[in-house]
Every structure is written in C-alpha cells, then in structure tokens.
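Notes follow once the structure below has been shown.
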Amino acid sequence: MLRTDVIVIGGGQAGLAMSRCLVERGIDHVVLERGRTAERWRSERWDSLRLLSPSWMARLPGWRYQGADPDGYMAMPEVIDYLERYARSFAAPVVEHAAVQAVTPAAAGYRVITTRGDWRAPCVVLATGACDLPRVPALAGRLAPGLTQLHTSRYRRPGLLPDGGVLVVGASASGVQIADELARAGRAVTLAVGRHTRLPRRYRGRDILWWLDALGLFDATPCTVRDLARARRQPSWQLAGRPDRLDVDLPALAGAGVRLAGRLADADGRRVSFADDLAATTATADAALARLRGRIDALVDAAGAPDAPPAPPPPEVIRAAAVDAAPRALDLDAEGIGTIIWATGYRRAYPWLQVPVVGADGELRHDGGVTPAPGLYALGLPFMRRRRSSFIDGVGDDARELAEHIVLRLAGARRQAAA
Ligand SMILES: Cc1cc2nc3c(=O)[nH]c(=O)nc-3n(C[C@H](O)[C@H](O)[C@H](O)COP(=O)(O)OP(=O)(O)OC[C@H]3O[C@@H](n4cnc5c(N)ncnc54)[C@H](O)[C@@H]3O)c2cc1C
C-alpha cells in the first residue's frame, strides 16, 4: 500500500492543473491516469478536430500558449503536446496506465485501488472529466441492429464510415462540425437539430470567445444563475476552430447541402421521426444571438472603442424552404442512410466510487467541487465554481481554490493526529 497526501484521479487538464497547484504548495500527491497523459484528447476525438477556443485561451496555472499563432485553434496533436509539456514543466507525478477500480473510505481518508497497486491518502480529487461517457438517448436501442451507430467520441473521419447517407443527431459543436465534414466528403447528411446555441466565429473584429470573456460571461458563478441544473446542461456552441474561421451554423450547413430536421423524436427499426420544432429552436437560438450581439455592441459603445469595426448586419436566418423541407419521418433504408452518429453529449459515471456522494441522477453531489465526504473533491465538472470550470481556460482558478481547501484540510488532519 502506497501512501501520499492527495490522490488525483485523471491526467487531463484538470488533474494536471491540480497537480501544479499542489506542487506550488509543497503537497505530496500522485496523479493516477488509466491511459496516458491527456488520454481523451488522444483517443476520444476525431482526426480533424481543432480546439474551438483560441490558443491564447489555453491558460493553466503556471502555463500558457507561447507559440506563433495565439489566435489560432490547436489541432489534437498540438493539444496533446501542450499538455504533455505542461506536465513535464513541473515534473507532475503522473502514474500512467493506472486505472482506478475502487475508491473506498478508510481510516482518516480513502483507499484507492488501481490496476497498478493500492494507494491511501487523506484527500482524493476526482478529475475524470465532464465529457466522460457518451450520453445516447434510450431510443437508440429501438433502431434495427444492422444500422451502424456511433457516438462522436468514436467517430474519426468520413472514410471509416460505411458508404451511404448519415444521420447526425445533435447540432451543437460536435454535431455541426461532423455534419459539415461529412457533407464536404460528399455524403448525404441529415442533421437532427435540438436546442442549440448559435454563435458567429468572429464579431466586430474579434473572436467571439474574446467577447464572451470580455463580457465576463465565463466568470459567472453558480449563485448568479437562476437555473443551475439547466446551465450545467447548456449545449456547447455551434462553433468550429477552422483555420479559415468559417461559421458552421445551420444556414451555412443548409447551404452546403445538409438536410435539416427537428429534434429526433422516435425510432422503430429502420424508421425515425422528428419533432416539428426546427423553426422554433432556430428562432430561439437566433433571438439569443441577437441579445448577445446587443450586449457586445453596448460594451463597445461604453468602452468608446473607435477602432472596433461597425456591427455587421444580422446574420442570415435559416430559409423557409429549408424549414419546409424538414422531414417529419424517414425510412432509413429508402433514404440510403446506414449510419447514425450520436452528437448528443456526455454524461459522467463513477461506478468505482464506493463513497455515497453520487445522486439519483448519477451526478456527484458537491458544492463548488467540495463533496459531502470530508477530503473528497471534484474538478473539471460543468459550471462547477464558474461557467468556465470545464474549459481548459477555466479549470485553473477552480484548482487554485480547491488546493487552498486541501491545504487547510491536511493541516487540520495533522493537528488532530498530533493532539
Ligand atoms: C469534442 C470536444 C471538444 C472540446 N473542445 C474544447 C475546446 O476547444 N476548449 C476547451 O476549453 N474545452 C473543450 N472541450 C471541453 C474540455 O476541455 C474537455 O472535455 C477536456 O478533456 C476536459 O479535461 P479534464 O481534465 O477535465 O477531463 P479529461 O480530459 O476527460 O480527463 C480525465 C482523465 O481521467 C482519466 N480517467 C477516467 N476514469 C479514470 C479511472 N477510473 N482511473 C484513472 N483515470 C481515469 C481519463 O483517461 C482522462 O485522461 C472539448 C470537449 C470535447 C468532448
């Protein structure tokens, strides 16, 4: 049995950020990673993916992008290299290929059982990722077995899919990017569109994420939002980190030949049906975008920024013809569609966590990453301490604050042991 003060589970950006904060505070710890450092960026992303946040927005504790293109969007090999160099920069104590199989309460802390030995520590930080397991709707189980179904985390490139048409379900960042890539590869693509957040890549001379940052939207804390559960389920933006900075919104996709449909409502064998809600969901997204543009324009006016380019005309809305053509039902065989890609997001799961801190909804119970179990913390969860908590650029502030919590907890435990 190996002993340390803090066991961090997960060697992605969250685990590394916490490790860096613990190193700065002189706290003995280990980072247990079931694969390699930055494993999810290696093995659960598609080949052409680039970050949708610009490189200057990859700030981590004691680390920032120093390459030649801070306004560009890192491709996956660059992200992996960025995080690997980060880990090396402070000699992060990462133990790779150590899959955690159980975390159980033990005297004055926790026992962590892994495929590479057992550990004991007073504190454990769960940094296993907000995008942990595919979230696929139950109706997927009602589709005929002969159809190819895969979640975006298993998609790699068009050529690896069976020939024929593709139904992409979900029109947030992954769904629109993959629909766009498949259409460009000559595939017939149908995109089932649910609730979504439309954003232009650039606005008034800046990357849109620069504006969201300037508006302070990423810094919103859980107590400032009316419906935290909804905020935590907020779909990702319709954005891509393409070098040409083109938008991948629905009008652009329709223009590229992608057939748009409403939310996927039901499935039975080789038939699927869609809700009649395409006009409503796109109108909601367009209205939200108009409000955002108004806030940015007000910020520009208030700052008296004479150099800012003028506000562009309102963006193109989806044409009535595309809405009218939205199918309500499809016979997948008749349409030549043999593949369904679930771009329906992620969920979290902690089957190895034998501590009663997981709610009936499968989510960890926590207050800003502090769980009800003393010494057990989480990092990198959606909207955990602020809206940016699960982003590369956001996990650092949370890590710093939780590291302070851990310092106090360890000091208290030492005082108790000495008494
Ligand atoms: C397609 C996609 C694109 C994204 N693009 C951006 C972007 O452009 N900008 C941005 O800021 N964010 C982006 N994100 C969001 C976020 O940055 C990523 O999800 C990121 O991977 C989260 O980092 P993390 O360290 O919290 O979790 P992960 O990177 O998921 O790391 C968790 C680690 O825990 C390990 N692990 C899991 N279970 C165990 C176990 N039982 N034992 C040991 N190890 C375990 C995993 O192997 C993994 O390495 C994107 C997410 C996705 C899915």
Side-chain angles (χ1 to χ4, degrees), residues 7-19 30-60 65 72-76 78-80 82-84 86-87 94-103 112-116 119 124-135 151-155 170 172-178 207 209 212-213 218 236-237 239-242 343-353 369 378-382 384 387-396 398-399:
I7 297 169
V8 181
I9 305 177
Q13 72 219 16
L16 295 178
M18 175 53 81
S19 179
V30 67
V31 180
L32 301 175
E33 166 56 51
R34 65 176 172 184
R36 293 160 294 170
T37 299
E39 184 58 44
R40 286 225 163 86
W41 297 109
R42 299 173 192 270
S43 55
E44 296 188 23
R45 311 282 192 254
W46 59 97
D47 296 355
S48 66
L49 177 66
R50 286 175 175 270
L51 288 186
L52 45 81
S53 47
S55 297
W56 62 265
M57 257 189 124
R59 297 167 290 204
L60 286 160
Y65 179 83
Y73 311 96
M74 283 188 253
M76 290 306 100
E78 295 171 282
V79 179
I80 295 160
Y82 184 75
L83 292 176
E84 273 184 333
Y86 182 44
V94 181
V95 180
E96 296 190 326
H97 306 293
V100 169
Q101 297 176 314
V103 176
V112 177
I113 300 171
T114 86
T115 48
R116 291 189 64 185
W119 291 78
V124 171
V125 179
L126 309 175
T128 47
C131 300
D132 190 8
L133 295 182
R135 179 190 295 279
H151 184 262
T152 51
S153 56
R154 305 282 302 278
Y155 170 77
S172 293
S174 299
V176 294
Q177 289 181 42
I178 291 172
D207 192 282
L209 299 190
L212 299 193
D213 199 34
F218 291 133
S236 61
W237 314 293
L239 272 185
R242 295 166 54 111
T344 38
Y346 291 84
R347 62 190 172 91
R348 289 145 292 281
Y350 309 92
W352 35 265
L353 185 57
L379 191 61
L381 297 178
M384 197 183 88
R387 199 187 299 273
R388 59 168 91 227
S389 287
S390 55
F391 304 146
I392 302 173
D393 204 48
V395 74
D398 290 8

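Start at 1 and go down the list; that is how both ligands and their atoms are numbered.
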Side chains of [X] and [Y]: does their closest heavy-atom pair fall under 4.5 Å?
{"X": "Leu209", "Y": "Ser53", "answer": "yes"}
{"X": "Thr114", "Y": "Ile9", "answer": "no"}
{"X": "Val79", "Y": "Arg45", "answer": "no"}
{"X": "Pro54", "Y": "Tyr73", "answer": "yes"}
{"X": "Arg50", "Y": "Met76", "answer": "no"}
{"X": "Gln101", "Y": "Thr115", "answer": "yes"}
{"X": "Trp41", "Y": "Gln13", "answer": "yes"}

Counting from 1, what ligand 1 atoms have a heavy atom of [X] closer than 4.0 Å?
{"X": "Gly129", "value": "26 (O), 27 (O), 30 (O), 32 (C)"}
{"X": "Leu32", "value": "43 (C), 44 (N)"}
{"X": "Ala99", "value": "42 (N)"}
{"X": "Ser390", "value": "15 (C), 16 (C), 17 (O)"}
{"X": "Trp352", "value": "41 (N)"}

Which residue and heavy atom of the protein sit nearest [atom], plus the separation:
{"atom": "atom 21 (O) of ligand 1", "result": "Arg45 NH2, 3.0 Å"}
{"atom": "atom 43 (C) of ligand 1", "result": "Arg34 N, 3.2 Å"}
{"atom": "atom 22 (C) of ligand 1", "result": "Gln13 NE2, 3.3 Å"}
{"atom": "atom 50 (C) of ligand 1", "result": "Trp41 CH2, 3.8 Å"}
{"atom": "atom 34 (O) of ligand 1", "result": "Gly10 CA, 3.2 Å"}
{"atom": "atom 41 (N) of ligand 1", "result": "Val100 O, 3.2 Å"}
{"atom": "atom 9 (N) of ligand 1", "result": "Ser53 OG, 2.7 Å"}
{"atom": "atom 26 (O) of ligand 1", "result": "Ala14 CB, 3.5 Å"}

- On the 0 to 90° scale, with breaks at 30° and 60°, tag the Tyr65-Tyr82 ring pair as parallel, tilted or perpendicular.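 The arrangement is tilted - the two ring planes meet at 30° to 60°.
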- Query: According to the interplanar angle, ranging from 0 to 90°, do the rings of Tyr346 and His151 count as parallel (below 30°), tilted (30 to 60°) or perpendicular (above 60°)?
  - Reply: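 Tyr346 and His151: perpendicular rings.
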Sub-3.5 Å donor-acceptor pair from the side chain of [X] to the main-chain atoms of [Y], do we have one?
{"X": "Glu39", "Y": "Gly12", "value": "no"}
{"X": "Tyr155", "Y": "Ser174", "value": "no"}
{"X": "Arg42", "Y": "Thr37", "value": "yes"}

- Non-hydrogen atoms of Ala98 versus ligand 1: any pair closer than 4.0 Å?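 Heavy atoms of Ala98 do come under 4.0 Å of ligand 1.
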- Task: Compute the minimum heavy-atom distance from Tyr346 to ligand 1 and say whether it is under 4.0 Å.
- Result: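 Judged by the 4.0 Å heavy-atom criterion, Tyr346 does count as contacting ligand 1.
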Using a 4.0 Å heavy-atom cut-off, which part of [X] comes near ligand 1: side chain, backbone, both, or neither?
{"X": "Ser236", "result": "neither"}
{"X": "Thr152", "result": "neither"}
{"X": "Ala127", "result": "backbone"}

Any N or O on [X] sitting closer than 3.5 Å to an N or O of ligand 1?
{"X": "Ala38", "answer": "no"}
{"X": "Arg40", "answer": "yes"}
{"X": "Leu52", "answer": "yes"}

For [atom], state which one of [options] supplies the nearest heavy atom.
{"atom": "atom 33 (C) of ligand 1", "options": "Arg50, Glu39, Met18, Glu33", "answer": "Glu33"}
{"atom": "atom 38 (N) of ligand 1", "options": "Leu49, Thr128, Thr115", "answer": "Thr128"}
{"atom": "atom 11 (O) of ligand 1", "options": "Ile392, Asp393, Val395", "answer": "Ile392"}

- Looking only at non-hydrogen atoms, find the nearest pair between Gly380 and Ala130 and report the distance.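 Nearest pair, atom of Gly380 first, then Ala130: O-CB, 3.4 Å.
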- Task: For Asp393, enumerate each residue passing the salt bridge (charged side-chain N to carboxylate O under 4.0 Å, His left out) test, keeping only those at least two apart in sequence or located in another chain.
- Result: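 Salt bridge (charged side-chain N to carboxylate O under 4.0 Å, His left out) list for Asp393, sorted by chain: Arg59, Arg388.
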